[in-house]
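Both backbone and side-chain heavy atoms feed into the values below; hydrogens, waters and symmetry mates do not. Every chain is numbered from 1 and lettered A, B, ... according to where its sequence line falls, protein lines coming before strand lines.
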There are 2 protein chains.
Amino acid sequence: MTIHEKRLQSRDIQPTAMRMRILLFMAETKSVISLSDLEEKFTHADRTTLYRTLKTFLEHGLVHQINDASGITKYALCSENCTCSYPDDVHVHFYCFSCEQTFCFPHLGIPNYDLPENFTPSNGNFVITGSCPSCSS
Amino acid sequence: MTIHEKRLQSRDIQPTAMRMRILLFMAETKSVISLSDLEEKFTHADRTTLYRTLKTFLEHGLVHQINDASGITKYALCSENCTCSYPDDVHVHFYCFSCEQTFCFPHLGIPNYDLPENFTPSNGNFVITGSCPSCSS
DNA sequence: CTGATCTTTGCAATTGAGTTGCATTACAAA
DNA sequence: TTTGTAATGCAACTCAATTGCAAAGATCAG
Ligand SMILES: [Mn+2]
Ligand SMILES: [Mn+2]
Ligand SMILES: [Zn+2]
Ligand SMILES: [Zn+2]
């Protein structure tokens with residue numbers, strides 16, 4: 001059994017061939033991706049399958065979702081020990097308005113905000129927009 | 001000349017009747033709104049006009065834009081002295097997954113993050129998702 | 001192995017937010 | 001008033017996201 005197969009099973013996701021390939025792709029690119037990115041990579045697979053795979057991964061806490069200024073939903077693999085809990089597992093992301101890439105900054109956590117009375121947090125989305133190294137020169 | 005008329009002119013926005021009405025609505029509701037919210041309020045006006053009004057307001061720094069987990073673009077009036085600069089004028093927002101309302105927390109600023117080399121920030125979008133007071137009971 | 005059952009995948013169609021082109025109207029300067 | 005510019009309205013379009021249903025594949029009891 002491969003490391004990726006174990007990873008899926010540890011999150012109670014049936015390790016189908018399709019899911020294995022998508023997980024492998026996300027693991028080796030190490031970047032934040034969108035559904036369209038998967039479509040470009042897996043031209044043989046159907047858009048719906050890719051969509052539902054991401055949805056399954058999300059629901060089982062294998063990936064986290066990022067809403068950046070592009071309006072397109074992005075996804076990134078969670079770290080091995082991530083439980084997607086707030087605020088500990090929530091971190092900063094960066095969206096480059098020039099190349100439209102999004103980056104994970106897992107080392108940049110978020111403050112434990114003191115919210116107004118009776119606001120109960122469960123998750124967070126923190127995105128800084130600007131210019132990435134490739135586009136800043 | 002009304003206070004709202006002055007406010008538009010101070011941001012170099014021609015104070016048309018439509019814009020005045022929209023600004024007034026946003027000021028008195030004091031909440032974060034979407035294009036659809038404007039459509040519901042101003043049933044006589046055209047969707048495009050409302051859309052372009054928000055766009056104009058945004059471009060002239062009268063409102064700021066919020067990307068929450070709903071995937072729908074939200075807008076909120078800037079404070080009087082806001083220049084929409086990062087990180088000083090960027091603050092936390094709260095999205096209630098239950099009633100799908102979004103709230104401004106202007107008193108909750110964001111840290112001045114130390115980004116990786118050559119990442120140049122220009123703006124930020126910080127949204128905490130959870131349950132609001134009305135939906136927490 | 002066989003048939004029943006559940007899950008996954010593929011295909012087609014739909015929704016809805018966002019956006020654009022162009023004609024018309026309102027406004028403001030000359 | 002005339003003329004130019006800006007704002008508005010109407011219609012159409014783009015595209016990400018989503019859903020229903022059928023086909024294919026996996027799982028399990030007998
Ligand atoms: Mn991340
Ligand atoms: Mn705000
Ligand atoms: Zn870039
Ligand atoms: Zn609520």
Side-chain angles (χ1 to χ4, degrees), chain A residues 1 4-5 8-9 11-25 32-60 62-75 95 97 100-102 125 127, chain B residues 1 4-5 8-9 11-25 32-60 62-75 95 97 100-102 125 127:
Chain A
M1 188 186 293
H4 295 304
E5 202 168 349
L8 287 177
Q9 288 188 333
R11 306 269 181 176
D12 279 309
I13 302 169
Q14 203 73 282
T16 68
M18 193 73 247
R19 290 169 179 168
M20 290 287 288
R21 267 180 266 139
I22 293 173
L23 171 57
L24 185 65
F25 172 67
V32 177
I33 61 148
S34 65
L35 175 56
S36 301
D37 292 329
L38 287 185
E39 279 187 89
E40 279 181 25
K41 174 68 183 177
F42 300 98
T43 49
H44 53 287
D46 187 78
R47 171 183 191 76
T48 313
T49 303
L50 302 171
Y51 167 72
R52 284 197 265 239
T53 300
L54 286 174
K55 204 175 175 188
T56 299
F57 283 6
L58 185 67
E59 284 163 358
H60 288 75
L62 182 65
V63 302
H64 54 276
Q65 185 175 324
I66 303 144
N67 298 110
D68 59 33
S70 72
I72 294 167
T73 309
K74 308 283 177 68
Y75 303 87
Y95 172 68
F97 56 73
E100 296 178 319
Q101 264 195 94
T102 299
N125 183 62
V127 180
Chain B
M1 187 185 296
H4 295 304
E5 201 168 352
L8 287 177
Q9 288 189 332
R11 305 271 182 174
D12 280 309
I13 302 170
Q14 203 75 279
T16 68
M18 193 73 246
R19 289 169 179 170
M20 289 289 287
R21 268 179 265 138
I22 293 173
L23 172 57
L24 186 65
F25 172 68
V32 177
I33 61 150
S34 65
L35 175 56
S36 301
D37 293 329
L38 287 185
E39 278 186 270
E40 279 180 26
K41 174 70 181 176
F42 301 98
T43 49
H44 53 288
D46 187 78
R47 170 185 191 74
T48 313
T49 304
L50 301 172
Y51 166 73
R52 283 196 266 240
T53 300
L54 286 174
K55 204 175 176 187
T56 299
F57 283 7
L58 184 67
E59 284 163 357
H60 288 74
L62 182 64
V63 301
H64 55 278
Q65 186 175 324
I66 303 145
N67 298 110
D68 59 33
S70 72
I72 295 167
T73 308
K74 308 284 178 67
Y75 303 87
Y95 172 69
F97 55 73
E100 297 179 317
Q101 264 194 95
T102 299
N125 182 63
V127 180

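Using a 4.5 Å heavy-atom threshold, the side chains of Leu23(A) and Ile13(A) count as separate. The shortest side-chain heavy-atom distance between Met18(A) and Leu50(A) falls under the 4.5 Å cut-off. Residues Phe42(A) and Thr49(A) form no side-chain contact, since every pair of their non-hydrogen atoms from C-beta on lies 4.5 Å or further apart.
Rounded to whole Å, the distance from CG on Leu23(B) to C1' on dA7(D) is 17 Å. For the pair Lys74(A) NZ and dA17(D) P, the computed distance is 10 Å after rounding to whole Å. Taking atom CD on Gln14(B) and atom C1' on dA29(C), their separation rounds to 12 Å, with Å as the unit. When the P atom of dA17(D) is taken as reference, atom CG of Asp37(A) falls 11 Å away, rounded to whole Å. One interatomic measurement links the two molecules: CD of Gln65(A) to P of dA16(D), which rounds to 16 Å at whole-angstrom precision. Nucleotide dC15(D) holds its P atom 13 Å from the CD atom of Glu100(A), rounded to whole Å. In this structure, Asp46(B) places its CG atom 15 Å from P of dG18(C), rounding to the nearest Å. The CZ atom of Arg47(B) sits 14 Å away from the C1' atom of dG9(D) (whole-angstrom rounding).
Partner of Ser70(B) under the side-chain hydrogen bond (donor to acceptor under 3.5 Å, both in side chains) criterion, chosen from Thr73(B), Asn67(B), Asp68(B): Asp68(B). For the side-chain contact (heavy atoms from CB on, under 4.5 Å) with Thr102(A), the qualifying choice from Ile66(A), Ile72(A), Val127(A) is Ile66(A), the only one to do so.
Here the side chain of Thr48(A) is nearest to one of dA7(D), dG20(D), dG18(C), namely dG20(D). The side chain of Ser36(A) lies closest to dA16(D) when the candidates are dC10(D), dA16(D), dG18(C). Candidate nucleotides dA17(C), dT9(C), dA7(D) were compared by shortest atom distance to the side chain of Arg19(B), and dA7(D) ranks first. Of the candidates dA7(D), dG18(C), dT9(C), dT9(C) carries the atom nearest the Met18(A) side chain, counting heavy atoms from C-beta on. Across dG18(C), dG20(D), dC22(C), the shortest atom-to-atom separation from the side chain of Arg52(A) is found for dG20(D). Which of dA12(C), dT20(C), dG9(D) sits closest to the side chain of Thr49(B) comes down to dG9(D). Distances from the side chain of Tyr51(B) to the nucleotides dT20(C), dT9(C), dT19(D) place dT20(C) closest.
The side chain of Thr16(A) places an N or O atom within less than 4.0 Å of a non-bridging phosphate oxygen (OP1 or OP2) of dT9(C).
Counting any heavy atom pair closer than 4.0 Å across all strands shown, Thr73(A) reaches sugar-phosphate atoms only and no base atom.
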